[in-house]
2 protein chains.
Amino acid sequence: MAVRMRDVAQAAGVSIAAVSLALSGNPRIPAETRDRIRAVAEQMGYRPHAGARALRTEVTGSLGLVISDVANPFFAELAGEIQRAAAAEGFSTVLCNSDEDAGVQDEYLRNLLAGSRVDGVILVPAAAMTEGLLAAGKAKARLVFLDRPVEVRGRTAAARHLAGSPVVRSGASKALSEAAELLTGFGHRRVGIIAPPMTTRVGVERTELMIQSLTARGVATRDISVVEGDFRQDSGERAMEQLLANKSRPTAIFGADGLMTIGAMKGLRAARYRVPADISVIGFDDAPWFDLFDPPLTAVAQPITAMATAAVRAMVHLVDDAAAPLPAADATPACRLVRRASCGPAPA
Amino acid sequence: MAVRMRDVAQAAGVSIAAVSLALSGNPRIPAETRDRIRAVAEQMGYRPHAGARALRTEVTGSLGLVISDVANPFFAELAGEIQRAAAAEGFSTVLCNSDEDAGVQDEYLRNLLAGSRVDGVILVPAAAMTEGLLAAGKAKARLVFLDRPVEVRGRTAAARHLAGSPVVRSGASKALSEAAELLTGFGHRRVGIIAPPMTTRVGVERTELMIQSLTARGVATRDISVVEGDFRQDSGERAMEQLLANKSRPTAIFGADGLMTIGAMKGLRAARYRVPADISVIGFDDAPWFDLFDPPLTAVAQPITAMATAAVRAMVHLVDDAAAPLPAADATPACRLVRRASCGPAPA
DNA sequence: CTGAAAGCGCTTACAG
DNA sequence: CTGAAAGCGCTTACAG
């Protein structure tokens, strides 16, 4: 059906081995012959059979991308940039949605890695640690953790491998300081935080960073209410209802994730609160259409392109230097605060 | 490194062939032995080497998904649903962003198909016809066209193969009639259409359907202005500027694509028009956050889950019945109009 | 009924 | 310097 190496060899009047060597640029083949063979291959639309090559070389030229949900705009943009960066490096991208389910994640990991479908996996972990991750660590699989680190315990070989795997995520501390500054500058003293699951490090870290930034500016710890969501829009709306039902209602909200912040805005609208007159809102994860919200939403933007590039680069590095010791390839490009109209003076 | 069939065979005390047969459920292996072998395989975390299997069976268990840009919310949702549906059928999904570039699309097609990386490609074509598509047609590649049909000319075998490939897209005619009814009911008589590229059939069809729906309700053809965009947000904003500069400015806008409608809203805001007091807007492609826009955006929602399911089902059908004649597996689930607040009475 | 053997399309060590 | 041959991990037709 498709053109195979033997077809090219026949058409060029050389052996199969000569075609292989010519295409890989082996100096054994004289430049003139090499160029002639390459021209024939190109003209015939030849592409090496990916499976055959993988079988022989143990390299697939594919990478797995396991994210929670590509319909989440943050991950959609990230996935797009990763696919582009991977293609630029000659890698195909196998996409998987874990739906924040550790079991689903582990099933994908096993299918991708144990099945030799990919050379490595860029993973947004659905939980701090899972059996599948330990298995991948034991098999010394190439892993790059994206957006969220994992929690490695113990000193087994598997644990050490996971601990040595690169982590790429955004650095939020400066942007969150600015956010806290913005809120306290407007006189807010009671703040609600809609937090990602505390089983994820982003959940813990974003929450703690925001609490620190606020208390450093004189907000009392007891005036900070934290409600945990599950990254989904609905959970943001429910968290908002809960915060509004507090005896001492917050005057400002930090939504520590994109979709949950959208849910929170819906909750505010449903309860007929005005933003920012009654309550100020700062979200996490920016989108081009936040400009069009009522009011335009102030949000912390993650450096998506930089994250994608760093993750792909880290993976390519792992693939190229399979034998070399793992490098400390962590990358943490900084977030920035995008100021719009959803923050204003605290009500009297 | 990873567990191979021979390891399972050794652990279970049987031949490699027995393992293969047991895992595929061949009745030659007694049920008891089969279950024992399967248990050993499961326990060892065995997954067949995808490349080796592909080499032997000519089936990869992967499908390619070539879309224009996964960061576009419509395609992001579609990609997510396709990945999920594919996984449920046992297929991996290889994601590619063509960026609406026919050359990039063709390169991906060739890489995926000629390289035997996938069993078939679900494709949102970047152009009405391309060399790569013809090559894929000539090779009798399994193709499912998504969102946009292609224009097949001639009666060559390649052309016939492409013409016989399933097309899955949404049916907009009823929803666009409702949209036209909504606008004319509000007294609008001058309508601007921000259209996708006329090189794509969606561009031509959505535009023509809307024009027909409007003229059928008494709007004069000369009062309908069409400005062509390129699916990108910026082009929507520029199109909006152009429409506002018209001598006879439209009082209602139909944005025939998601991102372009967002651009149009930005253009209106920049020019300080009020929606819907000065101009009404209907968009295409719905998103959960349109509720939060100022004003909440009325839009035509595509049946994304139904489209994804139909596309994957069509592909699975092509894979299963490789030898059978191509079925007429086209699917056209209907769009629906989601009414919000961006449409109102035409200004006097 | 079972096991050994061939062969899918590549790459590369090896013999000539 | 060149070509034939081995072998990656599977599946399945075939011999015993």
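Letters A, B, ... mirror the listed sequences (proteins, then strands); counts begin at 1.
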- note: A:Asp7, atom CG; C:dC10, atom C1'; distance rounded to Å ~ 13 Å
- Item | Rounded distance in Å - CZ (B:Arg34) to C1' (C:dT2) | 17 Å
- Task: Using side-chain hydrogen bond (donor to acceptor under 3.5 Å, both in side chains) as the criterion, list what pairs up with A:Arg53, not counting sequence neighbours.
- Result: none
For nucleotides 7-9 of chain D, tabulate all protein N/O to nucleotide N/O atom pairs closer than 3.5 Å, reporting atom names and distance.
residue, atom, partner, partner atom, Å
D:dG7, N2, A:Arg56, NH1, 3.0
D:dG9, OP2, B:Arg6, NH2, 2.7
D:dG9, N2, B:Ala52, O, 3.2

- Query: For DNA chain D, what are the stems built from at least three Watson-Crick or G-U pairs in a row, each pair having both distances below 3.5 Å?
  - Reply: C:1-3 with D:14-16, C:5-12 with D:5-12, C:14-16 with D:1-3
- With sequence neighbours left out, write down each residue that passes side chain to side chain contact (heavy atoms under 4.5 Å, CB included) with A:Pro333, or none if nothing qualifies. A:Pro303, A:Ala306, A:Met307, A:Ala331
- Under the salt bridge (Lys or Arg N to Asp or Glu O under 4.0 Å) test, which residues partner A:Arg313, sequence neighbours left out? none
- Note on the structure: With sequence neighbours left out, the residues meeting salt bridge (Lys or Arg N to Asp or Glu O under 4.0 Å) with B:Glu107 are A:Arg47
Considering only distance and modelled atom types, tabulate donor-acceptor pairs under 3.5 Å from the side chains of residues 146-153 of chain B, sequence neighbours left out.
residue, atom, partner, partner atom, Å
B:Arg148, NH1, B:Glu100, OE1, 3.0
B:Arg148, NH1, B:Pro125, O, 2.8
B:Arg148, NH2, B:Glu100, OE2, 2.9

Identify every side-chain donor-acceptor pair in residues 17-27 of chain A under 3.5 Å, counting partners at least two apart or on other chains, and give the distances.
residue, atom, partner, partner atom, Å
A:Ser24, OG, A:Ser20, O, 3.3
A:Ser24, OG, A:Leu21, O, 3.1
A:Asn26, OD1, A:Arg28, N, 2.8

- Query: Please, which pairs that meet salt bridge (Lys or Arg N to Asp or Glu O under 4.0 Å) have at least one residue in residues 110-126 of chain B, sequence neighbours excluded?
  - Reply: A:Glu42-B:Arg110
- Message: Show every salt bridge (Lys or Arg N to Asp or Glu O under 4.0 Å) that has at least one partner inside residues 3-24 of chain A, sequence neighbours left out.
- Response: none
Show me, pair by pair, the donor-acceptor contacts under 3.5 angstrom made by side chains of residues 127-139 of chain A, not counting sequence neighbours?
residue, atom, partner, partner atom, Å
A:Thr130, OG1, A:Gln105, NE2, 3.4
A:Thr130, OG1, A:Asp106, OD1, 2.8
A:Thr130, OG1, A:Asp106, OD2, 3.3
A:Thr130, OG1, A:Leu133, N, 3.1

- Query: Do the charged groups of B:Asp320 and B:Arg142 touch, with an N to O distance under 4.0 Å?
  - Reply: no
- Message: If you take any heavy atom closer than 4.0 Å to DNA chain C, which residues from residues 13-23 of chain A end up in contact?
- Response: A:Ile16, A:Ala17, A:Ser20, A:Leu21
